[in-house]
A.B. asks: 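The structure's right below; bear with me while I get my questions together.
Just so it is clear: chains get the letters A, B, ... in the order the sequence lines come, proteins before strands, and each one is counted from 1. We use all heavy atoms of the structure for the numbers below, so side chains are in, but hydrogens, waters and symmetry mates are not. What you see is a predicted model; the values in this text were computed from it and never measured.
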Amino acid sequence: MAKITKLEDIVSLCKRRGFIFQSSEIYGGLASCYDYGPLGVELKNSVRAAWWKDAVQMRDDVVGLDCSILMHPMVWKASGHADKFADLIAECKKCNTRTRVDHLTEKAEEAEEEHTKHISLDTAMATAQDLSNKVCPNCGSVGQFTEPMPFKLMFETQMGANIDDSMTMHLRPETAQGIFANFKNVLDTTRIKIPFGIAQIGKSFRNEVTTKAFIFRTREFEQAELEFFCKPGTDEKWYEYWKESRFNWYINLGIKKENLCLRNHDPDELAHYAKACVDVEYKFPFGSGDWQELEGIANRTDYDLRQHQRGIRTLNKWFESDRDLTKIELSKEAEDYQSGPLSYFDDEQKTRYIPYVIEPSAGIDRSTLAFLVDAYDEEEVRGETRNLLRFHPALAPVKVAVFPLVKRDGMPEIAQNIYNDLKKYFNCFYDEKGAVGRRYRRQDEAGTPFCITVDGQTLQDTTVTVRDRDSMDQVRVSTDQLLNHLREKLEV
RNA sequence: GCGGGUGUAGCUUAGUGGUAAAGCUCCAGCCUUCCAAGCUGGUCACGGGGGUUCAAUUCCCCCCACCCGCUCCA
């Protein structure tokens with residue numbers, strides 16, 4: 001079994017093997033930012049590819065999309081991020097604890113409104129000035145707060161090099177909104193019919209209050225999101241479907257079942273847009289064995305499309321208020337919103353409606369790390385410890401390594417030829433240095449599923465050995481059967 | 001943001017007010033016909049910046065990063 005017990009061991013493992021490095025390390029590092037090394041980028045690419053294949057390419061009812069990170073400011077007004085990602089924070093002078101102003105409760109009040117609904121920045125500014133009766137949730141002091149200060153959870157940047165007419169933009173805090181904004185485009189160009197999904201993988205950015213815990217909560221991160229549009233009333237069925245489907249995706253890629261679970265959100269834990277939500281959690285082996293979220297599957301109902309219909313109606317207001325999002329409120333929803341610009345026409349029933357959305361939203365970085373940690377293993381071989389990564393073949397950074405047994409008798413040349421042929425099909429690695437046993441072990445550490453060795457017998461009968469990473473067993477395979485043999489074993 | 005801790009080579013550790021040791025790894029060569037063998041040689045480090053001092057990796061200050069615990073976590 002894996003021997004990793006602390007986060008530090010995971011960090012060390014990632015660094016040692018060239019999976020994940022601290023960003024800008026030569027300058028002392030940049031908090032919460034990480035880079036993927038040579039093996040890490042292959043692993044992460046494989047995770048992406050596995051998700052894309054499962055969510056898009058193997059299905060007839062899902063199409064892909066790749067949206068820009070910068071989007072029209074109104075997108076974030078409509079989605080709610082512009083308001084809700086700009087919370088006001090006040091600091092308790094007694095204990096220096098920072099708390100969201102809208103989470104503070106009055107002295108006499110019970111904690112009944114712990115999950116106060118979010119309010120706009122302006123409203124909060126107007127109503128939150130009087131903190132004299134508010135209670136610090138940490139130390140219980142009353143009215144000991146600093147002036148509320150805005151806490152921007154979205155990254156801001158300027159679009160337009162000319163500062164006079166540049167516009168403040170936000171880096172997207174989720175990829176989902178790009179999908180909603182393109183819902184109509186996809187409908188109009190693909191002939192796809194409900195129920196169907198749109199999938200996207202890409203970077204998102206959130207100015208989290210705290211990051212910590214290696215790459216579990218970083219400010220820049222990669223998401224794989226699927227928005228699955230379905231007819232209202234069928235949403236609960238699809239929610240169950242995606243719950244099961246997404247859970248099994250991890251299991252099928254080798255995550256040990258005892259390390260994975262589904263956790264339903266409590267009603268008071270739900271985001272404002274969600275009717276139901278469940279997390280796929282992985283038991284990371286640090287601390288006391290914390291379960292950490294890899295993916296959330298939410299029933300977003302028709303919330304987002306309806307919000308964007310309101311956003312479209314608000315556009316003029318935005319222009320008229322000098323493009324200042326804080327000065328405007330979203331327009332009211334139209335009476336006949338069900339037949340609005342983002343509605344769907346059901347051919348069979350000849351009616352229009354706003355579809356419901358089931359959203360499986362996975363963290364690529366988190367799951368990459370989960371696959372890495374889950375694959376880590378140590379075992380005793382002839383009194384020595386063998387370290388290996390038991391990656392599923394689809395995820396292994398290197399699929400096949402090719403060696404000459406020794407560096408003579410023409411073996412390197414034959415091995416090179418095999419390598420040159422195989423690398424057209426899989427990511428391969430060639431090595432002829434040192435003892436073959438050491439080369440095998442190096443590949444074990446990288447998680448390479450198979451090693452091909454050209455030996456003396458190859459010169460006689462053109463067969464090579466194929467050595468299995470997990471069992472260390474070897475079989476002889478004819479070189480002209482090698483590609484087929486590996487394809488079958490690697491399931492690619 | 002608060003409290004505590006940590007920072008010496010790729011990794012794991014040692015050590016010192018006079019610029020640093022070892023094991024593993026890595027590289028080169030020899031040897032080697034299947035699982036980290038052996039021999040020889042070699043590369044590589046005191047997180048960054050100030051201060052005190054003749055001299056700082058060591059003492060002091062500031063900064064950075066990471067870990068643990070709070071807080072936070074649409």
Side-chain angles (χ1 to χ4, degrees), chain A residues 6-18 21-34 37 76 79-87 89-92 94-100 103 115 117-118 136-139 146 149 151 153-154 173-174 176-177 204 206-214 216-217 219 269-274 277 286-288 292-293 296 298 361 381-388 403-409 411 433-445 451 453-459 464-465 467-469 472-474 476:
Chain A
K6 291 191 310 228
L7 188 52
E8 279 170 335
D9 295 336
I10 299 172
V11 176
S12 173
L13 167 77
C14 289
K15 169 99 191 259
R16 194 165 64 243
R17 309 274 165 79
F21 306 128
Q22 174 86 57
S23 168
S24 315
E25 199 180 79
I26 59 169
Y27 289 106
L30 180 63
S32 113
C33 293
Y34 295 91
W76 310 118
S79 70
H81 291 92
D83 296 336
K84 288 152 201 160
F85 268 39
D87 293 308
I89 296 244
E91 188 169 313
C92 174
K94 290 277 183 204
C95 65
N96 293 324
T97 299
R98 292 175 159 199
T99 311
R100 274 167 47 175
H103 278 187
H115 289 266
K117 80 178 170 73
H118 295 278
C136 174
N138 186 49
C139 68
T146 60
M149 46 196 160
F151 202 87
L153 289 167
M154 279 200 291
E174 65 176 24
Q177 297 306 324
S204 293
R206 295 179 197 178
N207 249 329
E208 300 285 358
V209 179
T210 54
T211 49
K212 310 257 173 126
F214 200 34
F216 298 108
R217 194 184 306 134
R219 299 197 169 100
E269 190 183 355
L270 290 175
H272 59 282
Y273 52 72
C277 189
F286 50 81
S288 53
Q292 300 275 348
E293 175 191 355
S361 172
V381 178
R382 299 181 195 182
E384 299 235 4
T385 303
R386 184 171 82 113
N387 296 327
L388 71 161
F403 311 141
L405 183 59
V406 287
K407 214 176 357 174
R408 58 168 142 93
D409 298 340
M411 293 179 201
K433 302 281 179 61
V436 74
R438 177 175 295 269
R439 284 178 263 158
Y440 285 143
R441 296 301 172 83
R442 271 204 206 100
Q443 293 307 312
D444 289 341
E445 287 197 315
C451 294
T453 301
V454 171
D455 59 11
Q457 196 177 329
T458 310
L459 307 172
V464 294
T465 62
R467 182 258 195 188
D468 179 84
R469 174 196 65 203
M472 297 170 67
D473 291 339
Q474 288 178 303
R476 292 207 76 88

A.B. asks: What does B/C2 pair with, Watson-Crick or G-U, if both distances are under 3.5 Å?
C.D. replies: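 Partner of B/C2: B/G69.
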A.B. asks: Give the intermediate values and the outcome of salt bridge (charged side-chain N to carboxylate O under 4.0 Å, His left out) for residues A/Arg441 and A/Glu384.
C.D. replies: CA-CA 11 Å; A/Arg441 296 301 172 83; A/Glu384 299 235 4; 5.6 Å; no
A.B. asks: Please assess A/Gln443 against A/Arg469 for the test side chain to side chain contact (heavy atoms under 4.5 Å, CB included), listing each intermediate value before the final yes or no.
C.D. replies: CA-CA 8 Å; A/Gln443 293 307 312; A/Arg469 174 196 65 203; over 6 Å; no
A.B. asks: Quick one: is A/Arg469 getting a side-chain N or O under 4.0 Å of the B/C35 phosphate, OP1 or OP2?
C.D. replies: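 A/Arg469 to B/C35 OP1/OP2: no side-chain N or O under 4.0 Å.
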A.B. asks: Is there a donor-acceptor pair under 3.5 Å between the side chain of A/Asp409 and the backbone N or O of A/Met411?
C.D. replies: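 Not a single qualifying donor-acceptor pair exists.
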A.B. asks: Expressed in angstrom and rounded to an integer, what is the separation of A/Leu153 atom CG from B/C73 atom P?
C.D. replies: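 Rounding to the nearest Å, CG of A/Leu153 and P of B/C73 are 9 Å apart.
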A.B. asks: Distance check, P atoms only: B/U19 and B/U25, in whole angstrom units.
C.D. replies: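 Approximately 30 Å lies between the P atom of B/U19 and that of B/U25.
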A.B. asks: Which pair of non-hydrogen atoms, one from A/Tyr34 and one from A/Gln22, has the smallest distance, and what is that distance?
C.D. replies: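 Reported closest heavy-atom pair: CD2-CA, 4.0 Å.
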A.B. asks: On a whole-Å scale, what distance lies between the C1' atoms belonging to B/A9 and B/C46?
C.D. replies: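 Taking atom C1' in both B/A9 and B/C46, they lie 10 Å apart.
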A.B. asks: For A/Arg441 and B/U25, give me the distance from atom CZ to atom P, rounded to whole Å.
C.D. replies: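 Roughly 12 Å, once rounded to whole Å.
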A.B. asks: Pick the C1' atom in B/U40 and in B/C31, then give their distance to the nearest Å.
C.D. replies: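 Looking at atom C1' only, B/U40 and B/C31 are 11 Å apart.
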A.B. asks: Could you measure between the two P atoms, the one in B/G47 and the one in B/C2, and give it in whole Å?
C.D. replies: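 B/G47 and B/C2 have their P atoms separated by 24 Å.
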A.B. asks: Among B/U33, B/C35, B/C26, which nucleotide has an atom closest to any side-chain atom of A/Val406?
C.D. replies: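 Closest nucleotide to the A/Val406 side chain: B/U33.
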A.B. asks: A/Arg408 CZ to B/U33 C1': how many Å, rounded?
C.D. replies: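 It is 7 Å, rounded to the nearest whole Å.
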A.B. asks: Distance check, rounded to the nearest 0.5 Å: A/Tyr440 atom OH versus A/Gln474 atom CD?
C.D. replies: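 The OH atom of A/Tyr440 sits 4.5 Å away from the CD atom of A/Gln474.
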A.B. asks: Could you tell me the separation between the CG atom of A/Leu405 and the C1' atom of B/C31, rounded to a whole number of Å?
C.D. replies: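 Roughly 14 Å, once rounded to whole Å.
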A.B. asks: Could you please name the partner base of B/G7, counting Watson-Crick and G-U wobble pairs only when both distances are under 3.5 Å?
C.D. replies: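 WC or wobble partner is B/C64.
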A.B. asks: Quick one, A/Arg442 with A/Lys433, criterion side chain to side chain contact (heavy atoms under 4.5 Å, CB included). Give me CA distance, side-chain angles, the key distance, then yes/no.
C.D. replies: CA-CA 12 Å; A/Arg442 271 204 206 100; A/Lys433 302 281 179 61; 5.6 Å; no
A.B. asks: What integer distance in Å separates A/Arg439:CZ from B/A36:P?
C.D. replies: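 Interatomic distance, CZ of A/Arg439 to P of B/A36: 12 Å.
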A.B. asks: Under 4.0 Å between a side-chain N or O of A/Arg17 and OP1 or OP2 of B/C11?
C.D. replies: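 So the side chain of A/Arg17 is outside the cut-off, no N or O lying under 4.0 Å from OP1 or OP2 of B/C11.
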A.B. asks: So for A/Arg206 and B/A74, does any side-chain atom that can act as donor or acceptor lie under 3.5 Å from a complementary atom in the base?
C.D. replies: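 Counting by modelled atom types and ignoring angles, a donor-acceptor contact under 3.5 Å is found here.
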A.B. asks: What pair of heavy atoms forms the shortest contact from A/Asp444 to A/Asn387, and how long is it?
C.D. replies: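 That would be CB-O, 3.6 Å.
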A.B. asks: Using a heavy-atom cut-off of 4.0 Å across all strands, would you classify A/Ser79 as base, sugar-phosphate, or nothing?
C.D. replies: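 A/Ser79: no heavy atom of the nucleic acid under 4.0 Å.
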A.B. asks: Is the phosphate of B/C24, meaning OP1 or OP2, less than 4.0 Å from a side-chain N or O of A/Arg16?
C.D. replies: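 So the side-chain polar atoms of A/Arg16 never come under 4.0 Å of the phosphate oxygens OP1 or OP2 of B/C24.
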A.B. asks: If you look at every strand shown and take non-hydrogen atoms under 4.0 Å, does A/Asp409 touch a base, only sugar-phosphate, or nothing?
C.D. replies: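 A/Asp409: base contact, heavy atoms under 4.0 Å.
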A.B. asks: Check the pair A/Arg386, A/Met472 against side chain to side chain contact (heavy atoms under 4.5 Å, CB included), reporting the backbone distance first and the verdict last.
C.D. replies: CA-CA 11 Å; A/Arg386 184 171 82 113; A/Met472 297 170 67; 3.4 Å; yes
A.B. asks: For residues A/Arg219 and A/Ser32, report the shortest heavy-atom separation together with the two atoms involved.
C.D. replies: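 Nearest pair, atom of A/Arg219 first, then A/Ser32: N-OG, 3.5 Å.
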A.B. asks: Measure CD/A/Glu445 against C1'/B/C11 and give the value in whole Å, please.
C.D. replies: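 After rounding, the reported distance stands at 11 Å.
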A.B. asks: For B/A21, which nucleotide in any strand shown is its Watson-Crick or wobble partner with both distances under 3.5 Å?
C.D. replies: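 Across all strands, the one nucleotide that pairs with B/A21 is B/U13.
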A.B. asks: What's the gap between B/U57 and B/A45 when it is taken at their P atoms, as a whole Å value?
C.D. replies: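 Taking atom P in both B/U57 and B/A45, they lie 14 Å apart.
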A.B. asks: Can you tell me how far P of B/U25 sits from CG of A/Asn387, to the nearest Å?
C.D. replies: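 It is 12 Å, rounded to the nearest whole Å.
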A.B. asks: B/C72, B/C34, B/U33: which one has an atom nearest the side-chain heavy atoms of A/Arg217?
C.D. replies: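 For A/Arg217, the side-chain atoms sit closest to B/C72.
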A.B. asks: Would you classify A/Arg442 as touching base, sugar-phosphate or nothing, given that sugar-phosphate means primed atoms plus P, OP1 and OP2, and contacts are heavy atoms under 4.0 Å?
C.D. replies: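 Contact class for A/Arg442: sugar-phosphate only.
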A.B. asks: Can you check whether A/Lys433 has a side-chain N or O nearer than 4.0 Å to OP1 or OP2 of B/A28?
C.D. replies: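 Checking B/A28 against A/Lys433, a side-chain N or O does come within under 4.0 Å of OP1 or OP2.
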A.B. asks: Nearest-Å distance, CE (A/Met411) to P (B/C34)?
C.D. replies: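 That distance rounds to 10 Å.
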A.B. asks: Classify the side chain of A/Gln443 versus the base of B/A36 as yes if they form a donor-acceptor pair under 3.5 Å and no if they do not.
C.D. replies: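 No pair found.
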A.B. asks: Can you tell me how far P in B/A21 sits from the matching atom in B/C30, rounded to whole Å?
C.D. replies: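 B/A21 and B/C30 have their P atoms separated by 30 Å.
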A.B. asks: Is A/Arg438 near enough to B/A37 that one of its side-chain N or O atoms lies under 4.0 angstrom from OP1 or OP2?
C.D. replies: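 For A/Arg438, the contact criterion (side-chain N or O under 4.0 Å from OP1 or OP2 of B/A37) is met.
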A.B. asks: Give a yes/no answer on whether the side chain of A/Lys15 brings an N or O atom under 4.0 Å of OP1 or OP2 in B/C11.
C.D. replies: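 So the side-chain polar atoms of A/Lys15 do come within 4.0 Å of the phosphate oxygens OP1 or OP2 of B/C11, strictly under.
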A.B. asks: Does B/C35 have its OP1 or OP2 closer than 4.0 Å to a side-chain nitrogen or oxygen of A/Arg382?
C.D. replies: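 For B/C35, OP1 or OP2 has a side-chain N or O of A/Arg382 closer than 4.0 Å.
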A.B. asks: Which pairs, protein N/O on one side and nucleotides 62-67 of chain B N/O on the other, fall under 3.5 Å?
C.D. replies:
residue	atom	partner	partner atom	Å
B/C64	O2'	A/Gly28	O	3.1
B/A65	OP1	A/Ala31	N	3.3
B/A65	O4'	A/Gly28	O	3.0
B/A65	O2'	A/Gln22	OE1	3.2
B/C66	OP1	A/Ser32	N	2.9
B/C67	OP1	A/Phe214	N	2.9

A.B. asks: Can any side-chain N or O of A/Arg439 pair as donor or acceptor with the backbone N or O of A/Leu405 at less than 3.5 Å?
C.D. replies: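 Looks like yes, one N/O pair under 3.5 Å.
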